[in-house]
Amino acid sequence: TMMKSINDYTVRQFELELAYTRSVLKMLQAQINPHFIYNTMQCFATNALKSKNVEQYHLMSSFGQMLHYAMILEPSIVPFSKEVEYVKRYLELQKMRFNSEDMAEFRIEPGVNEVMIPKMILQPIIENSFIHGKIFHSSGSILIISAGIGGNFVRIVIEDNGEPVLQEEIQRLYLKFKRIRETYGQQGRQASADVGDTLKEEDENGGRVQGYGIGLENVYTRLLLCHGSCELKIFANSIGGTTTEMVFPISAEQGKS
């Protein structure tokens, strides 16, 4: 029995070391690829400026700065204002892509810009408005990003008047949220029960929402890990599109009340 225990321990240690080595290699590779893309974009931007194509230069330079923001792993927690700055650059590129003059509206209440949040939680949700909601495909598009503080909680709402999310997709997504909460144990159980209560049935294919799922699952998981509890809802709204709402506590170290 003792020899078997020693052998099992040795195997586990080897597997852990192998997993660690693989993780380091993946991390190093992840650092190299974005840097190559970023440096290449900067070269293109410089050439555009030499050709006196100022608009193209600004767009490519802006995209280069977006890449730089996204590829830096640390810090993983940033002020809300940094996220807004990144999103505004992203929206400028989308306006160019769809040749649209429609503007996004930001309704940011005092105090929110200083709140620390996980990096890259706004862009995946806004991207859903373009990919699934198909806003900016025609004139009259509406995209509103609102954020405020109530008590010790931050509330972020993103709404559009594109195509509404289907109820079936909502149910599948909430099922995935439920499983994420269960996976992270006590942290997950602290999350709002409102999301879980919306579930109606088990999905035989694992609860993956087509398209919507990956980005929102990622956002939900990071909010849960960072803030200990969170609530993320998505629903069809009264203006004909989709609304996504996030509510999570402000970190205690930020000293807000």
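- Of all the heavy atoms in Ala236 and Val165, the pair that sits closest is N-CG1, 3.8 Å.
- Arg89 has its side chain out of reach of Glu92: every pair of non-hydrogen atoms, C-beta onward, lies at least 4.5 Å apart.
- Side chain of Glu83 to main chain of Ile121: a donor-acceptor pair is present (N/O by atom type, distance under 3.5 Å, no hydrogens or angles).
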* When you look at Glu105 and Ile145, which way does the side-chain contact (heavy atoms from CB on, under 4.5 Å) test go after all the steps? -> CA-CA 6 Å; Glu105 181 180 351; Ile145 298 96; over 6 Å; no
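- A cation-pi contact links Lys88 to Phe106, judged by a cut-off of 6.0 Å to the six-membered ring centre and 45° from its axis.
- Side chains of Ile156 and Glu245 form no contact here, defined as non-hydrogen atoms less than 4.5 Å apart.
- A single hydrophobic cluster is seen to contain both Ile125 and Leu93, as judged by linkage of ILVMFWY side chains at heavy-atom distances under 4.5 Å, directly or through other members.
- Between Pro249 and His227 the shortest heavy-atom distance is O-ND1, 2.9 Å.
- One N or O on the side chain of Arg222 and one on the backbone of Met120 form a donor-acceptor pair closer than 3.5 Å.
- No donor-acceptor contact under 3.5 angstrom links the side chains of Asn113 and Ser81, judged on distance only.
- The CZ atom of Phe177 sits 5.5 Å away from the CG atom of Leu216 when rounded to the nearest 0.5 Å.
- Asp160 contributes a side-chain N or O that, together with a main-chain N or O of Thr242, makes up a donor-acceptor pair within less than 3.5 Å.
- Residues Tyr90 and Phe130 are in side-chain contact: their nearest non-hydrogen atoms beyond the backbone lie under 4.5 Å apart.
- Residues satisfying the salt bridge (Lys or Arg N to Asp or Glu O under 4.0 Å) test with Lys4, not counting sequence neighbours, are Asp8.
- Asn128 places none of its side-chain heavy atoms less than 4.5 Å from the side chain of Thr244.
- Met246 has its side chain out of reach of Lys233: every pair of non-hydrogen atoms, C-beta onward, lies at least 4.5 Å apart.
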